[in-house]
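Below: the structure, in structure tokens.
Chain A is the first sequence line, chain B the second, and so forth, proteins listed ahead of strands; every chain is numbered from 1.
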2 protein chains.
Amino acid sequence: MEQRIDRIKKQLQSQSYKLTPQREATVRVLLEHEDDHLSAEDVYMLVKEKYPEIGLATVYRTLELLTELKVVDKINFGDGVSRYDLRQEGAAHFHHHLVCLECGAVDEIQEDLLGDVEDEVEKRWNFQIKDHRLTFHGICHRCHSEDPSS
Amino acid sequence: MEQRIDRIKKQLQSQSYKLTPQREATVRVLLEHEDDHLSAEDVYMLVKEKYPEIGLATVYRTLELLTELKVVDKINFGDGVSRYDLRQEGAAHFHHHLVCLECGAVDEIQEDLLGDVEDEVEKRWNFQIKDHRLTFHGICHRCHSEDPSS
DNA sequence: TTATCATTTGACACTCATTATCATTAAGCA
DNA sequence: TGCTTAATGATAATGAGTGTCAAATGATAA
Ligand SMILES: [Mn+2]
Ligand SMILES: [Mn+2]
Ligand SMILES: [Zn+2]
Ligand SMILES: [Zn+2]
């Protein structure tokens, strides 16, 4: 945790940004909720518990900054709010998502499954891939096993 | 074109919806811009050229209806507006997108490249896939060839 | 054709996530 | 200690999308 914050601090400083207390508090919330997909408002509420004076605009600005630095990815599941997803440190690719149409759960696939597909796209479409977004919509393992009618 | 509208009409009627003039005008705009990714506002402007009395709310309602019927897919490229993408008739899967970070162009891959990946996800994650969204971000073939520095 | 009634429409008010503004404060540095 | 710029918090503004409701439309039955 502390080491991770330290690396983010160095990343900020290398672009002459400061790791202010507000920014640190925000990063801590993101690290503590690594598996969740928090909206800006969610983050705001959680940061307020530890740092009540923080303003909503600061949270938005920090999340924007972290997105620029590729510390987080900004994603959208179509529910009207952007969500912020911590990237795995050192991971070359953004992880994939499984969205359950039944219960709304969002699970993650950290393993990269797109290697072959990306090779094909680069060759056949002459498109140089920098990043990707892959989401599957369906029925998760929990809903699947609990529903005998499927 | 006319046959396609006719099939959509039948699809509407099978759920006891009517193909009103406003709805037909909206569908025509979508068909005429099959390769584009229009926002609701875009659609509204284009429909107004042929049907100036139409209201914005009606366009939103029609797009919502067509999404329910799976005539279009509602997508989001992270620029703050939803976009509506006509589905290929009879296609089992939603097509993929190539978004160019350089020029902003959005190209399509109609071919399904995810067959093997989906089999693996269904087995290993016990997740029953109903739909998917796949977008690659990178440099398109046009920008790629015109830029000797890459 | 005409009466009936549910559906659809258009205008407009409203919500709410996000962004812009701006005066104030904090941090780094001479 | 001053000086300068970056960062913050409060608040206003923006803008996509939704809710409301009276009026118009369209299908159907008499
Ligand atoms: Mn995730
Ligand atoms: Mn498309
Ligand atoms: Zn589920
Ligand atoms: Zn391009």
> Got a donor-acceptor pair under 3.5 Å from the side chain of B:R61 to the base of D:dG17?
Replying inline: no
Where the side chain of [X] is concerned, which of [options] is the nearest nucleotide?
X: A:Y60; options: D:dG9, C:dT19, D:dG26; result: C:dT19
X: A:A57; options: D:dG26, D:dT11, D:dA7; result: D:dT11
X: A:E41; options: C:dA17, C:dT7, C:dT9; result: C:dA17
X: A:V81; options: C:dA17, C:dT8, D:dG9; result: C:dA17
X: A:E53; options: C:dG28, D:dA16, D:dG9; result: D:dG9
X: A:A40; options: C:dT9, C:dT18, C:dT7; result: C:dT18
X: B:Y51; options: D:dA7, D:dG9, C:dG10; result: C:dG10

Under a 3.5 Å limit on both distances, the Watson-Crick or wobble mate of C:dG28 is D:dC3
Considering every strand shown, what is the Watson-Crick or G-U wobble mate of C:dT7 when both distances are under 3.5 Å?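 Partner of C:dT7: D:dA24.
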Of B:Q13 and B:R83, the one whose nearest nucleotide on DNA chain D sits closer to the 5' end is B:R83
Heavy-atom nearest nucleotide on DNA chain D taken for B:G80 and for B:P21; more 5' hit belongs to B:G80
Rounded off to whole Å, could you give me the [atom1]-to-[atom2] distance for the [X] and [N] pair?
X: B:L38; N: D:dG17; atom1: CG; atom2: C1'; answer: 17 Å
X: A:Q15; N: D:dA7; atom1: CD; atom2: P; answer: 12 Å
X: B:Y44; N: C:dC12; atom1: OH; atom2: C1'; answer: 12 Å
X: A:Y17; N: C:dA27; atom1: OH; atom2: P; answer: 19 Å
X: A:L19; N: C:dA27; atom1: CG; atom2: P; answer: 12 Å
X: A:I54; N: C:dA26; atom1: CD1; atom2: P; answer: 14 Å
X: B:N76; N: C:dT18; atom1: CG; atom2: P; answer: 11 Å
X: B:E64; N: C:dT8; atom1: CD; atom2: P; answer: 12 Å

Within the structure, does a side-chain N or O atom of [X] lie under 4.0 Å from either OP1 or OP2 of [N]?
X: B:T20; N: C:dT8; result: no
X: B:S82; N: D:dG17; result: yes
X: B:Q22; N: D:dT25; result: no

Applying the side chain to side chain contact (heavy atoms under 4.5 Å, CB included) test to B:H96, which of B:R133, B:H132, B:E111, B:Q110 qualifies?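 Result for side chain to side chain contact (heavy atoms under 4.5 Å, CB included) with B:H96: B:H132.
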Using only atom types and a distance under 3.5 Å, with no angle test, would you say the side chain of [X] pairs donor to acceptor with the backbone of [Y]?
X: A:H144; Y: A:C140; answer: no
X: A:Q11; Y: A:L69; answer: yes
X: A:T58; Y: A:I54; answer: no

- Under 3.5 Å, is there a donor-acceptor pair linking the side chains of B:H95 and B:D85? yes
Exercise. For the residue pair B:E108 and B:H37, confirm or rule out a side-chain donor-acceptor distance under 3.5 Å.
Key: yes
Ranking B:L56 and B:S16 by the position along DNA chain C of their nearest nucleotide, the one closer to 5' is B:S16
